[in-house]
Amino acid sequence: MEEKKPYLYLNAFLTKNEHASLEVSDFLKGTSQVRAYDLDSRHDLEGKLFVKIPEEKKPKWSAFTEDITGVSLDELANRSSSAVLIIKTAKTTMAFTFGYGRFLIDTKYFVHDFGIKTALNTLNHDSLRSVDLFTLEDQAVQKKSQASRESTVGVFGIDISRDVLRAVTGSPKTGVNLKNISGGDSVYSFAIKIDVDEISSLVDLLSNYYSNDSYKNGFSWVDNIRKVKGSSEINSLDEKLLEKIKLKSSDITITLPEIVQWDTIYGFSFTRSKCSIKPIIETSDYFDSLDIASVSIDSIKRDRLFVYDVHENESSYKIYKCIYFENKEVNNTYILFAGLWYEIDNSFMSRIDAVLAQINISNLVFPKIYVWEETKDEQLKSKIETEGDYNERVANDYSYHLLDKKLIKSNKTTSSIELCDLMTDNKQFIHVKHRKGGSAGLSHLFAQGSVSAEILLGDKEFRKKARTVLKKVSSGLQDSVSLDNFKSDGVEVVFLILGEDSTSLKGNLPFFSKVNLSKAFENLSQRGFKVTISGVDTELKSNT
């Protein structure tokens with residue numbers, strides 16, 4: 001009777017080619033406490049098994065349970081098992097981890113996308129059970145979606161312009177003799193019936209699965225945006241950033257990495273120039289504070305951007321997380337955004353730029369935004385006009401209606417929303433945001449305008465409430481929003497950005513704001529709305 005092969009669930013990691021000459025023990029973290037075991041010579045395998053030396057410890061909550069019972073609970077002590085099998089073949093080296101063995105290996109030696117790419121190359125794309133994403137909106141938001149049965153990728157509602165695929169699970173495609181496949185980042189997991197003597201063949205097989213590009217038949221969009229995870233790649237990109245900083249390059253912009261209440265913010269300053277408070281973030285001020293001869297990535301990561309509000313509160317952010325920088329290469333562009341590096345396919349960037357080229361500058365006239373200088377406590381400070389004050393001034397001095405902060409409840413949103421900030425008699429809905437808000441604030445602006453227009457088109461109850469608000473603002477203005485048979489034809493959505501001239505506006509947007517603007521434009525244009533954009537620069541205003 002033929003002996004049955006053991007059924008195993010394995011987690012595989014592929015080493016980078018440049019580390020082929022390392023000893024197998026070098027692939028482990030230096031801090032790993034392990035025992036090394038040679039492999040039985042009868043299997044003709046090159047490699048070693050490393051088993052973590054077990055340590056017995058009680059869980060953190062044991063003190064509480066022992067206190068409440070008054071006795072020592074020795075049975076709470078546990079031991080975790082961890083092991084790593086490293087196999088070398090003539091072609092490559094691979095690590096298989098057991099238990100918590102993944103914490104024993106040094107990830108810098110392993111291919112960062114082996115798991116996700118190999119999974120996409122071996123999965124039946126109609127058999128997906130779950131996907132892990134992070135969506136680039138105001139910040140990277142992690143999401144996990146799970147289907148009740150095997151499904152196509154369309155079931156998971158993926159937005160290929162903003163979603164980065166992190167992990168996927170499903171069933172194998174025809175010809176792949178593996179089961180229960182999943183892959184994410186550097187780890188590829190699967191089940192297989194296998195004899196020990198077949199391990200070398202398995203290593204080469206998995207390496208071949210990784211090396212082909214069959215995933216592009218159904219998942220080509222995953223190359224649009226990739227989060228850079230390899231430490232050596234990140235270090236190389238950081239060095240390119242450092243070179244640009246030493247040159248005080250205009251390619252670098254410092255912005256806030258998150259949304260804040262902008263009307264409460266009156267100024268910003270930097271480490272080493274903390275007393276120089278400006279109403280907008282001026283990257284040149286940070287450059288001027290640097291000692292170029294001694295600046296390093298570590299020093300940049302220690303530096304901070306200080307933020308001051310009207311209530312005399314001070315907060316700060318790490319400069320590294322505030323830097324927006326694009327490093328363009330032949331096939332890809334690398335972007336530092338909110339402290340993380342992303343690789344963007346240049347053809348994807350070209351498609352985004354092609355969409356932006358279709359967006360016209362609004363014909364509406366807007367005044368510049370005021371900046372004042374004042375001396376306070378013997379210190380020269382600048383102050384920029386708030387969005388709210390700007391909207392009020394424009395409404396009073398020009399033929400615009402003020403709708404800022406006039407919230408309308410909709411059953412289709414989780415919170416009340418503004419119809420817009422300013423409006424004309426000609427069905428032009430103007431949404432306003434400070435440029436100083438950076439990528440997060442701008443992305444919020446484009447989403448706000450898109451959601452407002454969509455709900456206006458599709459929610460009769462919202463239109464009814466909107467008409468009530470509009471009538472209070474100006475007699476007859478409610479006729480701009482008909483209760484029944486409202487049509488998008490003739491309605492213009494205007495995105496007005498304060499602190500950036502219209503001529504340079506689209507080119508100076510951070511990449512992820514470009515993505516969100518292009519998505520808003522395509523979404524609203526397909527629904528029949530006209531979409532335009534406009535910007536206004538600053539004007540120094542005397543206090544007298």
Side-chain angles (χ1 to χ4, degrees), residues 6 8-40 43 45-55 57 78-122 132 166-169 178 180-192 194 196 198-211 226-236 340-341:
L8 296 174
Y9 191 77
L10 297 173
N11 302 298
F13 297 79
L14 178 67
T15 62
K16 297 176 182 177
N17 289 334
E18 61 263 35
H19 303 308
S21 62
L22 292 179
E23 297 294 326
V24 289
S25 58
D26 294 332
F27 294 108
L28 272 61
K29 292 177 181 176
T31 56
S32 298
Q33 299 295 313
V34 297
R35 291 192 180 97
Y37 295 87
D38 292 327
L39 306 185
D40 194 320
H43 295 304
L45 294 171
E46 182 181 356
K48 280 189 178 182
L49 176 71
F50 299 93
V51 178
K52 183 181 179 181
I53 299 172
E55 54 181 323
K57 58 182 179 180
N78 57 59
R79 297 170 65 181
S80 61
S81 300
S82 305
V84 179
L85 172 64
I86 298 181
I87 299 292
K88 277 196 171 192
T89 70
K91 184 175 184 178
T92 191
T93 302
M94 193 167 287
F96 297 94
T97 63
F98 304 89
Y100 294 96
R102 66 186 182 277
F103 297 113
L104 301 177
I105 61 175
D106 191 336
T107 55
K108 70 183 179 185
Y109 296 120
F110 294 86
V111 177
H112 62 83
D113 64 345
F114 170 67
I116 184 65
K117 184 180 175 184
T118 308
L120 293 178
N121 281 336
T122 53
D132 284 25
R166 297 186 64 241
V168 63
T169 66
L178 307 172
N180 301 328
I181 291 172
S182 66
D185 295 333
S186 59
V187 58
Y188 179 68
S189 304
F190 58 96
I192 187 174
I194 191 170
V196 171
E198 297 173 303
I199 289 291
S200 289
S201 298
L202 176 65
V203 169
D204 291 343
L205 177 67
L206 296 181
S207 177
N208 289 337
Y209 282 149
Y210 170 73
S211 298
R226 178 181 71 85
K227 184 179 177 183
V228 178
K229 294 182 71 70
S231 57
S232 60
E233 192 175 11
I234 290 172
N235 291 339
S236 175
L340 299 171
W341 282 101

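Positions are given from 1, in the same order as the sequence printed here. Values below: every heavy atom of this structure, side chains too, minus hydrogens, waters and symmetry copies.
One N or O on the side chain of Lys29 and one on the backbone of Phe103 form a donor-acceptor pair closer than 3.5 Å. With Thr15 contributing its side chain and Thr93 its backbone, the two residues share a donor-acceptor pair below 3.5 Å.
Other residues, nucleotides and ligands contribute over 12 non-hydrogen atoms within 6.0 Å of the NZ atom of Lys88. A 6.0 Å sphere centred on OH of Tyr100 holds no more than 12 heavy atoms belonging to other residues, nucleotides or ligands. Counting non-hydrogen atoms of other residues, nucleotides and ligands closer than 6.0 Å to CD of Glu18 gives a total above 12. Counted within 6.0 Å of CG on Asn17, heavy atoms from surrounding residues, nucleotides or ligands total 12 or fewer; the atom is thus considered open.
By the ring pair (Phe, Tyr, Trp, His ring centres under 6.0 Å) test, His19 is found to be paired with Tyr109, residues two or more places apart in sequence or in another chain being considered.
Closest approach of Met94 and Phe114 over heavy atoms only: CE-CZ, 4.0 Å. For the pair Gly47 and Val24, the tightest heavy-atom approach, listed with the atom from each and the gap, is CA-CG1, 4.3 Å. Between Gly101 and Ser82, the shortest heavy-atom distance links the atoms N-CB, 3.8 Å. Here the closest non-hydrogen pair linking Ala36 and Lys48 is CB-CD, 4.4 Å. Considering all non-hydrogen atoms of both residues, Ala119 and Ser182 come closest at CB-C, 4.2 Å. The heavy-atom pair separating Leu39 from Glu46 by the smallest distance is CD1-C, 4.4 Å.
In this structure, Thr92 and Leu206 have side chains that are not in contact, with every pair of non-hydrogen atoms separated by 4.5 Å or more. You'll find the side chain of Lys52 reaches within 4.5 Å of the side chain of Leu104, heavy atoms only. Using a 4.5 Å heavy-atom threshold, the side chains of Val51 and Phe98 count as separate.
The CG atom of Leu85 sits 6.5 Å away from atom CD1 of Ile199, with the distance rounded to the nearest 0.5 Å. The structure places NE2 of His112 at 4.0 Å from CZ of Arg226, a figure rounded to the nearest 0.5 Å. Separating the CG atom in Leu14 from the OH atom in Tyr209 is a distance of 14.5 Å, to the nearest 0.5 Å. How far CG of Leu22 is from CG of Asp106: 10.0 Å, rounded to the nearest 0.5 Å. Distance check, rounded to the nearest 0.5 Å: CG of Asp185 to CZ of Phe13 gives 10.0 Å. Atoms OG and CG, on Ser189 and Leu178 in that order, are 11.5 Å from each other to the nearest 0.5 Å.
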side-chain contact (heavy atoms from CB on, under 4.5 Å) evaluation trace for Tyr188 with Asn121: CA-CA 11 Å; Tyr188 179 68; Asn121 281 336; over 6 Å; no
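Applying the side chain to side chain donor-acceptor pair (under 3.5 Å) test between Tyr210 and each of Thr122, Thr118, Asp113 identifies Asp113 as the sole match.
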